[in-house]
Amino acid sequence: MQEQYPFAEIESKWQAYWRAQGQFKADLSKTDRKFYCLMMFPYPSAALHVGHGRNYIIGDAVARYKKMRGYNVLTPMGWDAFGLPAENAAIQTGTHPRLTTLANIATMKRQLDAWGCCYDWDCEVTACLPDYYRWTQWLFLQFFKRGLAYKALAPVNWCPGCAAVLANEQVIDGGCWRCESPVQEKRLEQWFFKITAYAQRLLDDLAKLKGWPERVKLMQQNWIGRSEGALLEFPLVPRPDGRCDSAKSVGCFTTRVDTIYGCTYMVLAPEYPDLPELVRGLPQETPVRQFIAQAIKITAAERAGDAGEKNGVFTGRLVINPYTGEKIPLWVGDYVVMSYGAGAVMAVPAHDTRDWAFARKYGLPIRLSIQNPEKTLRLETMAQAYVEDGLTVDSGAFTDLPSAEARARMTAYAVEKRFGRAFVAYRLRDWLISRQRYWGAPIPIVYCQACGIVPVKEKDLPVLLPEDVEFKPTGESPLARCPDFINTSCPTCGRSARRESDTMDTFVDSSWYFLRYLSACDERQAIQTELCNRWLPVDQYIGGIEHAILHLMYARFFTKALYDLGLVGFDEPFANLFTQGMICKRSAKDGQLYKMSKSKGNVVSPDELIRKYGADTVRLYTLFIGPPEKDAEWSDQGIEGAARFLKRLWRFIYAHHAVLAAAKPVRPELATLNARERELYRKAHETIQAVTGDLEGAFHFNTAVARIMELLNAVEAIQLAAGARDQEKAVMRFALETIVLLLSPLAPHIAEELWVELGHAPGILQVAWPTADPAALARDQVEIALQLNGKFRGTMMAPSGSDRQALEDLALAQPQIAKTVKREQVLKFVVVPNRLVNIVVKS
RNA sequence: GCCUGGGUGGCGGAAUGGCAGACGCAUCGGACUUAAAAUCCGAUGGCUUAACGGCCGUAAGGGUUCGACUCCCUUCCCAGGCACCA
């Protein structure tokens with residue numbers, strides 16, 4: 001054993017050992033005590049930085065810990081390898097995305113190895129290779145067959161930066177999730193997955209996800225946005241010019257039917273499909289058309305940013321309030337959203353903030369239909385809408401009912417009179433999956449003049465991405481300009497036809513990869529149902545909070561759809577989810593704290609740090625940096641602490657190597673230990689207990705590392721001499737072995753090496769995780785806190801398990817108490833056995 | 001605006017009703033060294049005291065309790081999610 005901690009040498013040695021021994025090869029045939037440990041697979045950008053590392057280091061620590069606890073652990077890794085950055089790089093440099101992607105994968109794989117993160121590489125999947133995307137296409141066809149994939153003309157989010165459309169989930173604050181360009185609304189024909197068909201199940205089944213963070217479930221719940229209400233038809237008053245309308249009524253969705261008697265007008269969204277027809281030939285046609293043109297032009301971001309200012313125009317048409325028979329004006333307004341509910345709202349200005357503002361602006365009537373419990377609302381004195389529930393007033397047969405009851409009875413009335421029904425609206429929209437870009441899985445569809453939209457035959461999959469393509473983005477897929485790709489024959493009639501030129505959103509690729517790991521090399525089928533049913537749901541999923549809605553909702557949707565298709569026998573993919581916080585670093589430019597990213601120029605490369613300190617140091621610091629679910633600031637100085645700790649551990653074992661080697665390998669006998677030995681022995685067991693609790697429960701790696709550091713501090717406080725008693729040597733050896741074992745999931749290389757130096761056979765992962773001995777944890781004497789009227793007044797020692805009376809007597813006998821307090825003065829003793837005595841006296 | 005988290009030394013953080021500040025970073029002092037680095041030892045919330053000690057202190061204010069960083073109420077601030085969603 002050498003004096004200096006030779007991290008570089010031992011790290012490559014043990015990495016080779018793990019690989020050679022196949023330490024992380026899962027035996028898929030055995031599923032008793034199975035543990036599927038999954039980390040979100042990375043997008044192969046240029047290289048990993050220490051911020052990415054948190055995910056893999058936590059995952060690796062969990063996998064190693066579970067292995068030592070005797071689980072059959074599956075930890076696969078793969079690559080979310082399709083995506084825009086590689087294509088954008090190709091536009092700039094001319095290098096094909098396939099080449100840069102594969103080169104990046106090689107780099108990142110090397111980095112993961114260097115970190116000591118171990119995976120079963122036999123299960124590796126790479127989303128951009130035909131043997132993977134072939135099955136992504138196959139799944140698309142299954143969805144298509146079931147009507148879950150459809151093409152529709154719809155207003156979509158267009159990102160001018162990426163020259164492609166985006167799904168709703170990919171629009172953040174009106175901008176593109178990737179490049180932050182303001183998103184524009186366009187009407188385009190696009191492919192969608194019918195995720196809304198699963199809205200209710202996605203919502204309901206959140207309750208099943210006991211092992212998910214509450215905030216992630218809440219975010220999904222908000223995103224799905226379920227609202228219960230009623231769908232009501234307002235009959236159209238016939239046109240003044242006597243011509244006919246194709247629609248007889250205008251439907252609207254409301255959650256507040258109870259306010260209907262206060263409804264004084266109705267508003268349509270500018271995009272309302274029937275609107276042009278409704279106004280055709282009327283004097284209002286021109287102003288309405290102008291208004292529509294203007295409203296549609298402004299982007300979603302502008303609309304959101306300008307919330308508050310509401311604009312609209314009268315359509316010249318009237319509708320009839322089906323409850324009152326009253327004729328009310330029909331308006332068009334830019335505050336009504338087409339894609340929610342029915343694209344129309346019944347306006348109750350007295351009881352809705354937006355309607356209030358609109359009515360005030362355009363001088364529309366305001367009528368009170370809900371009274372507050374104090375019955376103090378007067379229209380003349382109201383400064384804003386009263387939006388709470390209350391009691392109905394001036395509501396005909398429904399007057400004087402509590403809001404909830406009014407809603408129930410009014411909805412029932414609508415059903416009875418056949419002008420409405422109860423309805424549930426969701427905020428969730430269908431998932432727009434087509435992208436006008438090259439580097440993705442082609443959508444396996446063919447357009448035939450005669451047969452229309454025709455799916456590619458399954459036996460003809462994959463639809464291969466052509467190699468030689470002009471990448472420049474124009475808003476049309478580069479594939480559309482590739483005649484060899486585009487021109488094909490119809491799978492049904494054989495006549496000449498065109499291929500779909502759009503590719504799939506890369507979130508499609510990542511919605512099922514965790515299933516493919518179980519059969520990565522299967523050329524006959526996408527998913528091995530039996531195997532998946534035995535290994536899933538995933539026991540522990542680990543990834544970033546940024547996917548709380550995006551990937552995590554898409555993957556849940558896919559799993560449910562595949563369940564319905566009979567391809568898997570479970571309907572939730574991830575039983576337990578852990579979302580780690582991001583690693584941030586101050587920017588050298590402006591001193592602000594940013595998420596580590598290449599664009600901010602604040603990345604720290606692991607390569608250099610591993611060269612300087614070793615992988616174990618980087619791992620230990622990454623785990624110690626703070627609570628893993630919270631964001632943390634990377635500190636170049638902080639890592640020194642982790643480095644010092646490992647060096648101290650190494651040096652201590654080096655310095656006592658001979659003594660320890662000479663020690664008889666005996667288990668310490670409690671009864672024969674002296675006080676000092678007993679203390680260290682207990683500390684070791686306390687550490688086992690604490691660290692196990694930290695790893696088992698909520699992944700408190702930061703406190704686990706702190707406990708192990710404490711144990712080393714206690715060890716170092718004892719100078720073990722060559723002539724020390726056998727018992728002392730035995731306790732010392734036990735404490736050191738405990739440190740090494742507890743450290744092995746966190747800093748595995750040094751743990752393997754020191755385990756061997758302590759005289760054991762190689763292969764610490766095969767060693768059982770230690771358990772704390774209750775007898776060793778027990779104490780004869782305990783320290784008890786003394787309080788006088790709740791204020792701390794020192795401590796005293798007492799025999800463990802002393803009863804209340806004994807503790808009271810002992811407390812009164814303590815000099816600092818006896819000085820000022822006599823028993824007669826005591827009003828009350830508060831005794832917490834083994835912890836505290838509080839003496840309450842009259843003050 | 002609504003919904004979630006948070007706010008503790010110079011810094012990252014620990015403690016979830018019972019000795020606030022574990023562990024680490026930084027800083028200061030000392031040892032070793034010709035010197036420096038590395039390493040080791042010690043100090044390190046504020047005020048006060050010659051000292052023992054005392055008082056104050058977990059965003060602010062109030063409450064519950066023998067006892068509150070922890071529970072409750074009010075306010076402020078920060079972060080995240082949703083947002084003309086009817």
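In what follows, chains carry the letters A, B, and so on, assigned in the order in which the sequence lines appear, proteins first and then strands, with residues in each chain numbered from 1.
Distance NZ (A:Lys585) to C1' (B:C11): 15 Å, rounded to an integer number of Å. Per the geometry, CD belonging to A:Gln384 stands 12 Å off P belonging to B:G1, to the nearest Å. A:Lys630 has its NZ atom 15 Å from the P atom of B:G80, to the nearest Å.
Ring planes of A:Phe507 and A:His547: perpendicular class, angle over 60° (limits at 30 and 60°). Taking the six-membered ring where the residue is Trp, A:Phe699 and A:Phe701 present parallel rings, their angle staying beneath 30° rather than reaching 60°. Classified by interplanar angle (parallel below 30°, tilted 30° to 60°, perpendicular above 60°), the ring pair A:Tyr621/A:Trp634 is perpendicular.
When the nucleotides B:C19, B:C25, B:G81 are ranked by their closest atom to the side chain of A:Gln637, B:C25 comes out on top. Nearest nucleotide to the side chain of A:Ala706, out of B:C23, B:C85, B:G13: B:C23. If you check B:G12, B:C40, B:C19 against the side chain of A:Arg835, the one that comes closest is B:C19. Between B:C23, B:U39, B:C85, one nucleotide has an atom nearer to the side chain of A:Glu710 than all others, and that is B:C23.
Under a cut-off of 6.0 angstrom, the local environment of CD in A:Glu180 is sparse, with at most 12 non-hydrogen atoms contributed by other residues, nucleotides or ligands.
Side-chain N/O atoms of A:Arg644 and base N/O atoms of B:C40 include no donor-acceptor pair closer than 3.5 Å.
Nucleotides B:G46 and B:G21, compared at atom C1', are 13 Å apart to the nearest Å. For the P atoms, the distance from B:A22 to B:C11 is 14 Å, rounded to whole Å. Of the P atoms belonging to B:A59 and B:G6, the separation is 13 Å, rounded to the nearest Å. When the P atom is compared between B:G29 and B:C78, the two are found 39 Å apart, to the nearest whole Å. As rounded to the nearest Å, B:C72 and B:G80 have C1' atoms that lie 26 Å from one another. Going from the C1' atom of B:G63 to that of B:G67 covers 15 Å, rounded to whole Å. Rounded to whole Å, the C1' atom of B:G62 lies 27 Å from the corresponding atom of B:G1. The C1' atoms of B:G13 and B:G45 are separated by 15 Å, rounded to the nearest whole Å.
Close to B:C11, at under 4.0 Å from its OP1 or OP2, lies no side-chain N or O of A:Ser635. OP1 and OP2 of B:C2 both lie 4.0 Å or more from every side-chain N or O belonging to A:Arg427. Between A:Asn222 and B:A83 there is no side-chain N or O to OP1 or OP2 distance below 4.0 Å. Contact annotation: A:Arg429 side-chain N/O to B:C85 OP1/OP2 distance is not under 4.0 Å.
Contacts of A:Ile545 with the nucleic acid, taken as non-hydrogen atoms under 4.0 Å apart, are absent. A:Asp355 comes within contact range of no nucleotide atom at all, as no heavy-atom separation falls under 4.0 Å. A:Ser339 comes within contact range of no nucleotide atom at all, as no heavy-atom separation falls under 4.0 Å.
Side-chain atoms of A:Lys683 and A:Leu711, non-hydrogen and from C-beta on, do get closer than 4.5 Å to each other. You'll find the side chain of A:Leu646 reaches within 4.5 Å of the side chain of A:Leu620, heavy atoms only.
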With the criterion being N/O to N/O and under 3.5 Å, what pairs connect the protein with nucleotides 64-67 of chain B, and how long is each?
from  : atom 1 : to       : atom 2 : distance (Å)
B:C66 : O2'    : A:Asn838 : ND2    : 3.4
B:C66 : O2     : A:Asn838 : ND2    : 2.3

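Inspection of the A:Arg226 and A:Gln221 side chains reveals no N or O donor paired with an N or O acceptor under 3.5 Å.
In this structure B:G17 sits in no base pair that meets the Watson-Crick or G-U test at under 3.5 Å. Pair assignment for B:C84: none, as no Watson-Crick or G-U wobble contacts are both less than 3.5 Å. Pairing of B:G5, defined by two Watson-Crick or G-U wobble distances under 3.5 Å, is identified with B:C78. With a cut-off of 3.5 Å on both Watson-Crick or G-U wobble distances, the partner of B:G29 is given as B:C41. Pair check for B:A35 finds none; no Watson-Crick or G-U wobble contact set falls under 3.5 Å. Searching all strands for a Watson-Crick or G-U wobble partner of B:C69 with both distances below 3.5 Å returns nothing.
With a glycosidic angle no more than 90° from 0, B:G9 adopts the syn conformation.
Screening A:Ile688, A:Val691, A:Leu743 for a side chain to side chain contact (heavy atoms under 4.5 Å, CB included) involving A:Thr738 leaves a single residue, A:Ile688.
With respect to the salt-bridge test (charged N to carboxylate O, under 4.0 angstrom), the residues A:Arg779 and A:Glu686 qualify.
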